Amino acid sequence: MGLGIDVRNRIAKRAAEEIKNGMVVNLGIGIPSLVPNHLPDHVNVMFHAENGITGMGPSPKKGEEDENLCNAGGFPVTVVAGASYCDSAISFGMIRRGRVDMTILGSLEVSENGDLANWIVPGKKVPGMGGAMELAQKAKKVIVLMNHVDKHGKPKIVKECSLPLTSARCVDLIITEMGVFVVTNDGLHLKEIFPPYSFQEIKTNTGCSFQW
Amino acid sequence: MGLGIDVRNRIAKRAAEEIKNGMVVNLGIGIPSLVPNHLPDHVNVMFHAENGITGMGPSPKKGEEDENLCNAGGFPVTVVAGASYCDSAISFGMIRRGRVDMTILGSLEVSENGDLANWIVPGKKVPGMGGAMELAQKAKKVIVLMNHVDKHGKPKIVKECSLPLTSARCVDLIITEMGVFVVTNDGLHLKEIFPPYSFQEIKTNTGCSFQW
Amino acid sequence: MENSYNKIITIERAMENFQDGMTIIFGGFGGIGSPPTIIDGILDKEVKELTLIGNDTGFPHIGIGKIVSEGRAAKIIASHIGSNPVAGQLMTEGKLEVEFSPQGILAERIRAGGVGLGAILSDIGMDNEMVADGKQRVIVEGKEYLVETALKGDVSIIYAKKADPYGNLIYDKSARNTNPLVAMAGNITIAEVEEIVPLGSLEPHEITTPGVFVDYIVPSKGVNWTWAWE
Amino acid sequence: MENSYNKIITIERAMENFQDGMTIIFGGFGGIGSPPTIIDGILDKEVKELTLIGNDTGFPHIGIGKIVSEGRAAKIIASHIGSNPVAGQLMTEGKLEVEFSPQGILAERIRAGGVGLGAILSDIGMDNEMVADGKQRVIVEGKEYLVETALKGDVSIIYAKKADPYGNLIYDKSARNTNPLVAMAGNITIAEVEEIVPLGSLEPHEITTPGVFVDYIVPSKGVNWTWAWE
C-alpha cells in the first residue's frame, strides 16, 4: 500500500521544516526527493549527492538532461550557484567528517532506539550497502521518511528490527503519514499527530511503546 | 672543499644522460638543480617538485618571480606546457605509487650496498626528514650526485654509513667528479672514470671495495 | 595532434593490455563516467575470468554492466549491485563472487592503492558482518577500527572529458566520481577521453588528474547505450 | 559582497576561535600558502601553549615560523624544521616538543583526519627509529606496515586565492600544497583569501576545496614578510 502523492508531499513538507539556513543535506530516493519542493525561499541549503555533487538543484526540463550530471540514483539533476564537483572519496569524506548536517532517507524498519534497517529488501537478493551505512552512521542528523506500516499493514516502527541493520542507533527523527517521532536516549517520543489520525490509531500501528 | 662550477656541471651533465624521454624526475638541491641545463632538446621530461608541481621549468628572470610558484626548497621556478599543480598528498602519492621514475639527489654518505645517509648533518640539530625518505625509498631509480670525498678528504662512498640512514639499499647510481658507480646485488661496480682521475686515485679515495 | 609522450593510442593498441584473469579497476558510478569504448573493446576481445573493482555493476546494458552481464567477470568488489539484476542472479548461481564494501570506504581503498598505502583504518560498518567479517581490528587512541586493505589493479580504465598529450585530465561534472581515484590505482592506466587538446592548453590548476598517472589515452567513440532515465 | 552563508567575517571575529593550548593545523610549505593575516592575528592575540601541525616551521620571520619563533608553540608535528633555526634551538632547549613525520605521510595523516579515517598503514621509514618508534605494526597480505594515526585540529587555518560566499576555494599555483588537506582536518576551518567573488562565478569543476569544509572566510591583508630568495 503506497501513499498518495498528497500524503507523500505532506511528509516531505514536514521534513523540509527541519532544514535550517546553511545546512548541507543528503537526500535519499523516494519521498526524500520531494523535500526540495517544499523549502521556504529564504533558506540557503546545499544538497549533497554522494557521487560528488554539492549544490544539486531541481530536475532539468525534459530534453535538457545532461548525461554527465546525475544524482546518486543515476537521474539527471541541475546545480545551483555555489555548487562544486568532487570525487567519491572527498564526497564521503564530507560525510565521515561530520560536514553533512542531515540525511533524509527512506527505511524498511526503524527500532525504538533508532536502529535503521533500510538496505536489504525481504526476499530480494542482497544488493550491497552502497553509501547507506556511511550516511546513517556519520550524518549529523538522520531523518527517516516512510509509510507508518508496510504493505501488509504491519508496523515499520518496531521494538527490534527483524531485517539486517544498516546502522545501529543512528536515527534521530521519524516522519510518517501519521506523525513525527523523536528518538531519544530514553526511547521514542511521539511529537506530532497528523490529522486525520488519532493517538489510538498511531498506537495500534506502532510496534513498540513510545512516550507522548 | 667544494667543487668548482665546471666540475659540478660535468657531474650534472653525466646525470642528465640518465634521463630518458617521457620520464618524471625529482631533483634535490645542490648539483642536481643543474641537471636541467644539460638535457638534450629532444627529451621530453617532467620535473616533479614534492610541494605539488609536475612540469617545473627554469628559474624565472629576476623581477619575474612569483611568490606562489616555488620549488620544494622555496625558490621561484616556472612551469612548462603540460604542467599541473596538485596537493602534497597526491604529490607523494606519485612517489609512493612508483610514478616518479628517478630522483637525483645529493648525499653525505653512500654505502657499498646502496644505503643512503643524506639527512642528518654531523654536529647540526636534527632537522627532520622532509620528503627524503619517501623519495629514496620509492622513486624507481635513485641517483646520487656528490663530491667523492668530504671536506676533510675522507671518502663518502663507504663500506657502512656512519651517519643515520635516510633509507637502506635504495641507491642505484653514484656520480662524483671522479667517476660513475652502479650499485648491484653483488656490490659496487665502477663503470666510468672521469679524466684526469686514475683508477688508483679512485681506489684510494673510496672507502670500500668495488669491481671494475 | 602532437603525440610527444607517445601516450595517445588507438583502441586496438590499448586492447593489447588486457588478458584473461586480470584485475581491472573501472571508473564510473551507475555507468556515468565509465569508458564506453574501452568496455566494448574488452567485450570484443572476449577476455574472461576478470576481477573487477569499482563502485557498482552499472545496469545490465550500461557501463561495466555489459561485461558483467556477459559473464566475463569471476569476481567483483563493489558497493552495490542493485541496479544490475543479472549480477545478482550470477551471484546467486555461484557464477560471480561478490565482495561488498561501503561506498566511501571502497573509494578510499582504491585511493589508498593509488597513493601507495597498505590500508586505511575505518569505523564504518564495524558491527555488520558483511563488512567486518574476517577483517583485522586495530585500536588507535582507544577506539577500534577495521583494517580496510588498499586495492590495486593490473589496469585502470577511466573516462574523462579532456586530455592533453601528457595525459593531464579534466572530468565532466558528476562523471568525475571515482575516476580520479581509479586513475591512480592501476599498474597501467588507460584514459578514454572525449577530446584531446594541445599541450599547454589546460590551465595547470584546473587539471584534476596529473598526467603522471596516465599511461595511455584513447579517443572515445562516445556513449552507445541508452540511459535508464531515457 | 553578499554574505548569504554568513561565512565572511573580519579577522577580529575570526580570532574569537583561538585560545591557549589548542591544536592548530596550518596550510603552507616553507611559508608559501600560509595565511599571513591569520598568523598575525594569532600573534596579536598572544595565545600560547599551542600544538601546531603542518609541513614545516617556515623561516624565522616567514609563515608559521613567526609563531614558533615567538615561543607560542608547545609542540609541533612537522616533516622538518630545518629552515627555521629558532625552532631547532627551542627544541634543543626543551622548550618545544617536535614530532617528525615523513612529508607525504604527514600529508596523508592530515587528510585521514580530514576525511574521517582513524589511520593509514604506511611502509615509509619502517627501519627508522625517529619514524617507527612506538608505532603499532600491522601485517596486511604478508607485508608489514606502520599504523600512522590520523591528525585533526581544533582549528585549521588555510590560504587561498579565491573564495565565493559559500567558501568554495581555488588555490594559486604551488601555494595549494597542504591547504586542501588541512582544510578538511579542522573542527573549524578558517580560510584567508585574496579575493572573494560572487556565488556562481567559480566553475563547479574548478573548485579545489568544496565550501562544505570551510566555516569562515577572512579577507587577506597580503603577505607582509620578505621571502628568503628576495
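Remember, it's a predicted structure, so these values are computed and weren't measured experimentally.
- In this structure, chain A has a heavy atom under 4.5 Å from the side chain of Val223(C), while its backbone stays farther away.
- Taking CG of Leu106(C) as the reference point, atom CD of Glu99(C) lies at 8.5 Å (rounded to 0.5 Å).
- Looking at Asp123(C), both its backbone and its side chain come within 4.5 Å of chain A, counting heavy atoms on both sides.
- Judged purely by atom type and a 3.5 angstrom limit, Thr206(A) has no side-chain atom pairing as donor or acceptor with the backbone of Cys208(A).
- Among the candidates Ser101(C), Gly30(C), Ser83(C), the residue making the largest number of heavy-atom pairs closer than 4.5 Å to chain A is Ser101(C).
- At a 4.5 Å heavy-atom cutoff, the contact between Ile53(A) and chain C is made by side-chain atoms alone.
- Residue Asn177(C) touches chain A through both its backbone and its side chain, counting heavy-atom pairs closer than 4.5 Å.
- Using a 4.5 Å cut-off between heavy atoms, Lys62(A) makes no contact with chain C at all.
- Put simply, of Gly33(C), Gly31(C), Pro102(C), the one with the most heavy-atom pairs under 4.5 Å next to chain A is Pro102(C).
- For Ile81(C), the parts lying near chain A are the backbone and the side chain together; criterion is any non-hydrogen pair under 4.5 Å.
- With a 4.5 angstrom heavy-atom cutoff, Pro180(C) touches chain A only via side-chain atoms.
- In this structure, Asp101(A) pairs ionically with Lys140(A), as a charged nitrogen and a carboxylate oxygen lie closer than 4.0 Å.
- Using a 4.5 Å heavy-atom cutoff, the side chains of Ile95(A) and His48(A) are in contact.
- Within the 4.5 Å cutoff, the side chain of Val131(C) has no heavy atoms near those of the Ile105(C) side chain.
- The aromatic rings of Phe181(A) and Phe210(A) sit perpendicular to each other, their planes meeting at more than 60°, with 30° as the lower class boundary.
- How far CG of Leu151(C) is from CD1 of Ile25(C): 6.5 Å, rounded to the nearest 0.5 Å.
- Across Lys161(C), Arg176(C), Glu129(C), Met130(C), the residue that shares the most heavy-atom pairs under 4.5 angstrom with chain A is Arg176(C).
- A salt bridge links Glu108(C) with Arg96(A): the closest approach of a Lys/Arg side-chain nitrogen to an acidic carboxylate oxygen falls below 4.0 angstrom.
- With a threshold of 4.5 angstrom between heavy atoms, Thr57(C) does not approach chain A through any atom at all.
- Interface residue Glu194(C): only side-chain heavy atoms are found under 4.5 Å from chain A.
- For the options Ser91(A), Gly73(A), Gly52(A), Cys86(A), heavy-atom pairs under 4.5 Å to chain C are most numerous at Cys86(A).
- Using a 4.5 Å cut-off between heavy atoms, Gln137(A) contacts chain C through its side chain alone, with no backbone atom that close.
- The shortest distance between side-chain heavy atoms of Tyr85(A) and Val79(A) falls below 4.5 Å.
- Here Ile207(C) contributes atom CD1 and Tyr171(C) contributes atom OH; the two are 11.0 Å apart, rounded to the nearest 0.5 Å.
- Between chain C and the options Met133(A), Glu67(A), Lys138(A), the largest number of non-hydrogen pairs under 4.5 Å is found for Glu67(A).
- Neither the backbone nor the side chain of Ala49(A) comes within contact range of chain C, judged by heavy atoms closer than 4.5 Å.
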